[in-house]
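Structure record follows, encoded as structure tokens.
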Amino acid sequence: MFTFIQNFSRPHPDFFTEAWSLSIEEYAYLIGPLLLFFGIWSFKNSNKYKLFLVVTIGIIFTVAFFRYYSHLNNVLHQEYVWSKEIRKVVIYRIDSIYYGFLAAFFANNFNSIWKRFRKSLFSLGIIIFFGVHAVVFGFKLNPDEGTLFFDVFYLPIVSISLLLL
């Protein structure tokens, strides 16, 4: 528990169930900077801004791959609970932090563009958030059925809509 590995690649235990998000944050704040450090060390003459984007986008795509791989190989059993087995597992959720890193990068490096479009981005965030949930409720989609939508796409869509807000 002290190393936050309780839900790194498997369902979070029933003990101290609130700790799942802390594990995701801790690993996000460790993995990204370590990869960035090694990238800067390995590619000394490279543009650090581009390297940051490559590392961040690389992590996002890697996590998407893990979720897709899990979806393809997940044999649903009687006790399958999507929230416990996907939503609260570090290797499937760490990308949620990195979407925020991308937003901070663009807000800092393209401030005038970010400010010019922030109301539009806010509106887009509302539309995406409520739109995806309208689809979920309208079609009575259930995450515990192990659908591709919930296993792979739902969490990134919600993360992106929230960062736009």
Side-chain angles (χ1 to χ4, degrees), residues 2-10 12 18-72 82-83 85-136 141 143 147-165:
F2 294 114
T3 57
F4 299 105
I5 60 170
Q6 70 271 13
N7 63 320
F8 188 79
S9 61
R10 60 183 182 269
H12 193 279
E18 297 81 10
W20 69 269
S21 64
L22 185 58
S23 298
I24 292 168
E25 290 176 49
E26 293 300 324
Y27 278 102
Y29 300 142
L30 289 172
I31 291 172
L34 282 174
L35 289 174
L36 194 55
F37 172 77
F38 287 118
I40 290 170
W41 181 72
S42 300
F43 306 103
K44 291 178 179 30
N45 295 329
S46 66
N47 182 314
K48 290 174 182 45
Y49 293 110
K50 288 182 183 176
L51 193 58
F52 173 82
L53 288 175
V54 167
V55 167
T56 303
I57 292 169
I59 290 170
I60 289 170
F61 278 109
T62 301
V63 172
F65 170 78
F66 287 154
R67 275 196 309 270
Y68 183 66
Y69 182 82
S70 171
H71 172 75
L72 291 178
W82 173 83
S83 179
E85 296 192 18
I86 299 288
R87 188 177 74 88
K88 295 181 179 181
V89 178
V90 172
I91 63 170
Y92 304 137
R93 287 304 308 281
I94 200 169
D95 62 331
S96 61
I97 304 291
Y98 289 94
Y99 289 117
F101 286 2
L102 282 179
F105 175 85
F106 286 109
N108 285 325
N109 292 294
F110 302 98
N111 196 319
S112 60
I113 296 171
W114 187 264
K115 282 184 178 181
R116 186 173 348 140
F117 291 107
R118 73 177 163 205
K119 289 181 182 177
S120 300
L121 294 173
F122 179 80
S123 299
L124 181 61
I126 290 173
I127 291 167
I128 293 171
F129 184 83
F130 286 109
V132 76
H133 289 97
V135 168
V136 167
L141 300 176
T147 63
L148 177 69
F149 173 73
F150 274 103
D151 288 351
V152 179
F153 299 108
Y154 175 76
L155 294 170
I157 290 170
V158 170
S159 294
I160 290 169
S161 70
L162 292 176
L163 85 81
L164 292 173
L165 293 174

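No hydrogens, no waters, no symmetry mates; every other heavy atom, side chains included, goes into these values.
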Measure the spacing between [atom1] of [X] and [atom2] of [Y] and express it to the nearest 0.5 Å.
{"X": "Glu25", "Y": "Ser21", "atom1": "CD", "atom2": "OG", "value": "5.5 Å"}
{"X": "Thr56", "Y": "Ile97", "atom1": "OG1", "atom2": "CD1", "value": "12.0 Å"}
{"X": "Lys48", "Y": "Leu53", "atom1": "NZ", "atom2": "CG", "value": "14.0 Å"}
{"X": "Asn111", "Y": "Arg116", "atom1": "CG", "atom2": "CZ", "value": "11.5 Å"}
{"X": "Ile127", "Y": "Phe122", "atom1": "CD1", "atom2": "CZ", "value": "11.0 Å"}

Residue pair [X] / [Y]: nearest heavy atoms and the distance that separates them:
{"X": "Leu155", "Y": "Arg93", "result": "CD1-CD, 3.2 Å"}
{"X": "Tyr99", "Y": "Ser159", "result": "CD1-CB, 3.8 Å"}
{"X": "Gly125", "Y": "Leu164", "result": "CA-CB, 3.7 Å"}
{"X": "Val158", "Y": "Val132", "result": "CG2-CG1, 4.4 Å"}
{"X": "Leu51", "Y": "Ile40", "result": "CD2-N, 3.3 Å"}
{"X": "Arg67", "Y": "Asp95", "result": "NH1-OD2, 3.1 Å"}

_4.5 Å side-chain heavy-atom contact, Trp114 and Leu121_ = yes

*Compare all side-chain heavy atoms of Leu163 with those of Leu102 and state whether any distance is below 4.5 angstrom.*
no

*Mark yes or no for whether Ser42, through its side chain, and Gly39, through its backbone, hold a donor-acceptor pair below 3.5 Å.*
no

*Under 3.5 Å donor-acceptor, Lys115 side chain and Ser112 backbone*: no

*Yes or no on side-chain contact (heavy atoms from CB on, under 4.5 Å) for Ile91 and Val63, after CA distance, side-chain angles and deciding distance?*
CA-CA 6 Å; Ile91 63 170; Val63 172; over 6 Å; no

*Contacts of type side-chain hydrogen bond (donor to acceptor under 3.5 Å, both in side chains), residue Ser96, not counting sequence neighbours*: none

_Cation-aromatic face contact Arg87/Trp20, 6.0 Å, 45 degrees_ = yes

*CA sep, side-chain torsions, deciding dist, call: Tyr92, Ser70, side-chain contact (heavy atoms from CB on, under 4.5 Å)*: CA-CA 9 Å; Tyr92 304 137; Ser70 171; 3.4 Å; yes

Please report whether the ring centroid of [Y] lies less than 6.0 Å from that of [X].
{"X": "Phe101", "Y": "Tyr98", "answer": "yes"}
{"X": "Tyr154", "Y": "His133", "answer": "yes"}
{"X": "Trp82", "Y": "Phe150", "answer": "yes"}
{"X": "Phe153", "Y": "Phe149", "answer": "no"}

*Inspect the surroundings of CZ in Phe105 and state if more than 12 heavy atoms from other residues, nucleotides or ligands are less than 6.0 Å away.*
yes

*Could you walk me through whether Ile94 and Ile59 pass the side-chain contact (heavy atoms from CB on, under 4.5 Å) check?*
CA-CA 8 Å; Ile94 200 169; Ile59 290 170; 4.3 Å; yes

*Ile24 and Val89: CA distance, side-chain angles, deciding distance, side-chain contact (heavy atoms from CB on, under 4.5 Å) verdict*: CA-CA 8 Å; Ile24 292 168; Val89 178; over 6 Å; no

